[in-house]
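Step one of this worksheet: look at the structure below.
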Amino acid sequence: MQEIDINQQTPHKSAYTVSMDPVLNPYSPGAGNTPRALVGRDADLQAFDIAVKRIALGRHDRSVIVSGLRGVGKTVLLREYGRIAEREGWIHEHVEAREDVDFVRVVAELVRRAILRLSATKRLAAHASRAAGALKAFQIRWNLPDGGDLTLRADPLMGTADSGLLDRDLASLFNETGQLARGYDCGVLLTVDEMQFLPKDHFTDFIMGLHEVSQLNLPIMVAGAGLPSLLSAAGDARSYAERLFDFRTVGRLSSETSAAALTEPAEIEGVTWSTGALSRIIELTGGYPYFLQEFGKQAWFAAPGPDEITEQDVEVAVPLATDQLDSGFFRVRFDRTTDAERAYLEAMARVGGTEVASGAVANAMGKTTTGVAQTRDALIRRGLCYSPRHGVIAFTVPMFDQYLRRRTEWA
Ligand SMILES: Nc1ncnc2c1ncn2[C@@H]1O[C@H](COP(=O)(O)OP(=O)(O)O)[C@@H](O)[C@H]1O
Ligand SMILES: [Mg+2]
């Protein structure tokens, strides 16, 4: 188990008459919320820790890409990676890719922030202005604004990062940034969340650019996170991607770690879980971290206590937790869909199962596969579905089929 130093135990006197103090509720459902007990990820954290230390020593190691369904803890893991790098004295800059934001611009911004922080000490001014000059040249070539609150004072370093070939220019940019970091005896970690939103060609250019600098053993690393389709999205750059990245899949927690996710935070507050309560929640949530946090939170609220959560409390919590998930986690995805997309998702739920054949979905809609291909592609592009294999489609949100069935029952 990884110790988290936030939410340190604080003396707290409750103003509430109920026995289980709602103020002390230790569960944290919500995108990117660091859990009180980060369980089941020791191997991922250790591998990253080793890679950072190796790269800091000028040894070769891989960057990392974490993939998995929604709500399994990818963002939380990226944050932990950031903490690990910072503990080694590295600079960490984070960005979340979005469907509607130009990735070239995003990378330039990321690099700009890293250079600014590296050069904040004003030592090694020559190095810093070289990296800044490369960024200027990149910005001019790629028509990017010299934006931000803090601008870099430097003349464009013509002939660097301005060839017009994105992979080459990114390589130059990463190279100059890595050299700068090395000059400071420091390293740079760039974390990119929601990586599935990178347009395919940008993703491959990004891989190629990073691959080029990775051979120079500079202290620059990328940690990316995204939906399960990321490796296949690497396309032509796939073999480079495999060498460049440690691809790590995160998913549901085992029964044992699921139990730990619930009991460890409670223990700090002097509260225990009955065995029956634990197995019921694990059964209901399938060990998916987001659901564990939501069910844990509602069970805590429902329990009269004073210091135990029972199976009965869990039963009271089930409709509350389901309602919270339906109106939040599930609904935010569903609300952004068109009528055609909803019809497709509902047909997937009718066919049933976690993965379904695209042909079966089209059939259930009374249409041909090509007739619904556009809708299917749109759902993939927008991150609601992914294709685990050719001709197969799956939800990126765990238990989304159950949500859709609940919806149609109400309708
Ligand atoms: N290893 C873990 N153990 C316990 N809870 C976790 C773990 N990882 C994530 N969570 C919880 O799961 C939820 C989703 O985490 P998040 O990182 O946002 O997932 P993702 O980025 O994969 O959608 C959060 O409420 C978080 O507190
Ligand atoms: Mg996330």
Side-chain angles (χ1 to χ4, degrees), residues 1-7 25-48 64-84 94-99 191-198 223-230 247-268 273 278 281-282 284-300 321 324-325 327-333 382-386 394-400 403:
M1 213 280 293
Q2 180 76 10
E3 290 256 342
I4 307 293
D5 57 4
I6 58 160
N7 299 327
N25 195 320
Y27 302 102
S28 57
N33 285 351
T34 299
R36 201 50 138 10
L38 179 67
V39 298
R41 306 290 183 235
D42 290 357
D44 306 287
L45 295 170
Q46 196 181 30
F48 186 79
V64 55
I65 286 186
V66 177
S67 68
L69 300 179
R70 299 240 176 242
V72 295
K74 301 180 295 296
T75 302
V76 160
L77 203 50
L78 283 193
R79 271 177 209 269
E80 282 314 298
Y81 288 166
R83 288 202 184 103
I84 290 173
H94 176 78
V95 74
E96 185 180 316
R98 292 219 317 258
E99 224 181 325
T191 50
V192 185
D193 206 353
E194 304 287 350
M195 236 178 177
Q196 74 280 350
F197 287 136
L198 303 195
L227 296 174
S229 44
L230 273 181
F247 278 91
R248 306 193 76 88
T249 310
V250 290
R252 51 163 97 202
L253 301 169
S254 69
S255 303
E256 212 170 287
T257 43
S258 295
L262 295 167
T263 57
E264 285 181 19
E267 229 165 76
I268 303 172
W273 284 78
L278 287 175
I281 289 205
I282 293 164
L284 288 164
T285 59
Y288 282 106
Y290 197 110
F291 303 155
L292 284 168
Q293 296 296 334
E294 188 65 68
F295 275 79
K297 181 179 178 181
Q298 298 305 327
W300 180 286
Q324 284 296 316
L325 291 170
S327 57
F329 184 72
F330 291 121
R331 178 145 177 216
V332 289
R333 325 278 167 202
R382 300 176 61 189
L384 273 116
C385 295
Y386 73 104
F395 294 110
T396 56
V397 182
M399 302 190 183
F400 205 60
Y403 163 71

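Counting starts at 1 for both ligands and their atoms, in listed order.
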Hey, which protein N/O/S atoms does the Mg ion (ligand 2) have under 2.8 Å? T75 OG1
Collect the protein residues that have a non-hydrogen atom under 4.0 Å from ligand 1 and hand them over in chain and number order. S28, P29, G30, A31, G32, N33, P35, A37, L38, V39, R41, L69, R70, G71, V72, G73, K74, T75, V76, P289, Y290, Q293
State, to 0.1 Å, how close L253 and G40 come at their nearest heavy-atom pair, and which atoms those are. CD2-CA, 4.3 Å
Looking at A261 and L292, what are the two nearest heavy atoms and their distance? CB-CD1, 4.4 Å
Drop me the distance from W300's CH2 to L262's CG, to the nearest 0.5 angstrom. 11.5 Å
Using atom types as modelled, flag every donor-acceptor pair under 3.5 Å from a side chain in residues 66-77 to any protein atom, sequence neighbours excluded.
residue : atom : partner : partner atom : Å
R70     : NH1  : E194    : OE1          : 3.2
R70     : NH1  : E194    : OE2          : 3.4
K74     : NZ   : G68     : O            : 3.3
K74     : NZ   : L69     : O            : 2.6
T75     : OG1  : D193    : OD2          : 2.7

Check whether any side-chain N or O of R79 sits under 3.5 Å from a backbone N or O of G32 as a donor-acceptor pair, and report yes or no. yes
My understanding is that only residues two or more places apart in sequence, or in another chain, count here; which of them pass side chain to side chain contact (heavy atoms under 4.5 Å, CB included) with R252? Y288
Between F400 and F330, how do the two ring planes meet: parallel, tilted or perpendicular, split at 30° and 60°? tilted
I'd like to know whether E80 forms a salt bridge (Lys or Arg N to Asp or Glu O under 4.0 Å) with R83, so could you lay out the CA-CA distance, the side-chain angles of the two residues, the decisive distance to 0.1 Å, and finally the verdict. CA-CA 5 Å; E80 282 314 298; R83 288 202 184 103; 2.3 Å; yes
Can you check ring-ring contact (aromatic ring centres under 6.0 Å, His included) on Y403 and F329, steps first, answer last? CA-CA 10 Å; Y403 163 71; F329 184 72; 9.5 Å; no
